[in-house]
Structures are given as C-alpha cells and as structure tokens.
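Remarks on the structure that follows.
As the structure lists them, so they are numbered: ligands from 1, and atoms in each ligand from 1. These values consider heavy atoms only, across backbone and side chains, with no hydrogens, waters or symmetry-generated copies.
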Amino acid sequence: MKALFFDNDLPRILAVKAASKFDKLAPLSRISPVRYAEVPEPRLPNSRWLKVKNQACGLCGTDMHLIFMDMDPGCFPAATPGIARKFLGHELVGEVVEAGADAGEFRPGDRVAMRIDWPSCFQLEIDPPCPQCRAGHYMRCENLGQKNLPLRDVGGGFSPFMVMHRSQPFKIPPTLSLDRALLLEPTASALHGVCKSTPRPGDRVLVIGAGTIGLLTTAIAKALAPEAEITCLARYPYQAEAAARAGAAHVVSDREDTYDALARLTHARAFKGYFGNRILLGGFDVIYDTVGNDQSLHDALRWARGGGSVVILGINFQPGKLDYSPIWHQEIRVTGINCHATEADGKTSFEHAAQLLLDPKFPVNGLITHRFPMRRYKDAVRTFLDKTHAKAIKIVLEHD
Ligand SMILES: [Zn+2]
Ligand SMILES: [Zn+2]
C-alpha cells in the first residue's frame, strides 16, 4: 500500500534543507525524508492490536511541520527521542476490519478515530506506566524512546490501512456524521486548551487566530461558558465570517489597530511607551493563543488583565525571543497544551469532543472547505500553504 511517512534520515533531511533555500516546495520532491511510497500492508503484531481501513483524514498543522521540517534543533521537542519512521495523518476516520482476540471493546465494523498517536506507555505496554500516562497524559509520557513499537510500518491516516494498539482508537458514536467525526481530534485538542482555563460567567475571552483550532476554541468556549464574552482575532475576512458563525460576540481584524480595538472592547487603558511599546491595563480574563508565535504571545501577554491567563494552543518549533516581563509584572498565568489527554473530570478530551459534536447546534458546519483524493496530497499541501487565496479552513484527504 502507499503511505505518507517521514523517515528520520539525516542525509535526506540535510539535502532537502539545502534545496529548500531555492525551492520552498523541495520537501515535496523525491529527495525529501517525507515520502508517499509503498510500504507493506500492516498485519496485527499481536492479539491486542486491530486493523483499520481508513476513509478520510484531515491535514493538520503538525503534519505540515513534519513535511516542511521546520523544527529548530534547539527547541525542546527536538531533544526528545524520536522514532525512525513516523506515519503522517492523525485526524482520521476509519473502520475496524480486523480485531485481535484481546483487542478490547473493538470489533470489525466499528468506526474509529485515533486518540493516541505518538508512542506512549499505552501502545508500548510498559507496566507499570509512567506517572503521566497513568494520569491520562499520554502526550507527556516519560518513557519516550525506552521501547520500540512491535512493528515499524504501522501506517497512518494517510495510508489506506493502519494497525493500532487497543489503547489508541476512539469509538465514534454511530450517529456522528463523517464530517463531524473528522473534527474529533482537533476538537479534542481545542477542548483540552479551553479546559486549561475555563472562562467564568462574565469573563472577557480572547481567541487569537481563526483557523481550525481558533474557530473550534471559540465554539467550545461559547458552549462551555455561554455567559462569557468572546472576541476572536481574525486575519482574513473569510476567517472573520467563520468566527462570527462559531459564536464570537466580537471579531477584530488584525489589520486594524488591535491594541485600540481590544482596549475599547474590554474598557482597558491603553498605554504607549517608547519604540512602539504598547500595553493594556485591564484587558482579557482569558486568552487562547491559537497562533503560537513570538508576535501572538507577545501581544497575548500584553492583552491579558493582571492575574489573567494565557493558554498557548498554537504550536511552534522555533525558540523565540520574547519580553516575558508581563508574566511577573501582571502575574499572568501561562500554560499550553500538547494535543489532548484525560480531563479533570476523568473523561477523555475525545469523549467531551464527541459530546459537543453530537449537538447539531455546535457550529462546525462548513469548517471542512477542501477535499482531495489521497493521491493528490501535494495539491492539499499547496492549498494549505496558500490558505488565504483558497479560503481554506480544514483540508481533508480521502481514500478510495
Ligand atoms: Zn491535528
Ligand atoms: Zn508514559
């Protein structure tokens, strides 16, 4: 079968890095460590695994980070033990076609999404599990690199088949539509972010960014805290329209003077120091930064009220340069998320996400803007890069 995967192959990585200086699409070329190539169709490595036939899979920003290898060797994740081959595609919907005798609750015919992607104590069957996995924080596993998966070519959402350990899948409620099921994973991530600092009634909330995660964060904050006042900061007009549909009471374009606009909305006092140094006093109670770069975090720390919180949902593999003085000066709480986990109430982020998505009023219709057959994945990647012109939100790849 053909699969899209990344090989941790230094000569290829260096070659494509050099070529990228002249052609930014070099990571899609033949020399790239990311290849859409033949691999053996996976077989169950033991009775605790199951085989899934994939139907479709969303293209995520993290897939793009992997394809374009924009991880700085100096960032934290770059030092974690990697895996030799990483199959791309985790926002998948598939059907169980074969289940080992000990595959737990899963039976052929079940529709599943993938809850746990990166290796953790769960798939590696490390007993006892590390404290993080025991608490359901599989993305923070402390046993990374201590053991290999029983099979290298497990496949992923961008291959027609894959195998999963029984701990990995999430059973999709039968009444959930395919399009909504494709949003389970990003919804689980956004939910995990909102749960890091759930707004209280009357709180002023800012969501920075109106891509898939920004829009889902807006919709979730609105669903969990209907009496909070949510503002969304959007870059493009098509995103601004989507943010209003997602439930934002106010949408601010980042092309206007954002400090002035946000000061007006929060009744904060705006101050200007030297060299364009601008701040607000009395801004937002909670800010979700779904962009996650130096500029967005710089602004988020200045737009939060004293004692407010900033949650980073946008991921970035570049060590930045940042004025962190608002954190101590205004005693701002800063945290972030790495995908999803088990929430404080003991339910998984996925269970919460499914519950939200099952409500037809949860405003996600229209979030999937583009669909491509898997063999045209390069067109999907190009569309992702050219989101503005394509007016793309979520791009999905479909299997035959
Ligand atoms: Zn994702
Ligand atoms: Zn662990």
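Electrostatic pairing of R35 and D9 does not count as a salt bridge here, judged by no charged N lying under 4.0 Å from a carboxylate O. A salt bridge does not link D285 to R204: none of the charged side-chain nitrogens sits closer than 4.0 Å to a carboxylate oxygen. Salt-bridge annotation for D254 and R235: present, with a side-chain N of the basic residue lying under 4.0 Å from a carboxylate O of the acidic one.
A cation-pi arrangement is present between K51 and F161, with the terminal nitrogen or guanidinium carbon under 6.0 Å from the aromatic centre and inside a 45° cone about the axis. In this structure, R115 is not positioned above the aromatic face of F170 in the sense of NZ or CZ being under 6.0 Å from the six-membered ring centre and within 45° of the axis.
Using a cut-off of 2.8 Å, one finds that C339 contributes no N/O/S atom close to the Zn ion (ligand 1). At a cut-off of 2.8 Å, E91 is counted among the residues with an N, O or S atom near the Zn ion (ligand 1).
Looking at D323 and S325, their side chains do bring a donor and an acceptor atom within 3.5 Å of each other.
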Going through the checks in order, is the side-chain contact (heavy atoms from CB on, under 4.5 Å) test met by D72 and F317? CA-CA 6 Å; D72 186 285; F317 295 99; 5.7 Å; no
May I have the step-by-step check of salt bridge (Lys or Arg N to Asp or Glu O under 4.0 Å) for D110 and R107, ending in yes or no? CA-CA 6 Å; D110 286 345; R107 301 281 176 275; over 6 Å; no
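For the Zn ion (ligand 2), protein N/O/S neighbours under 2.8 Å (waters excluded) are C121 SG, C130 SG, C133 SG, C141 SG.
Angle SG(C60) to the Zn ion (ligand 1) to NE2(H90): 100° [nearest 10 degrees].
In E185, the N, O or S atom that comes nearest to the Zn ion (ligand 1) is OE1.
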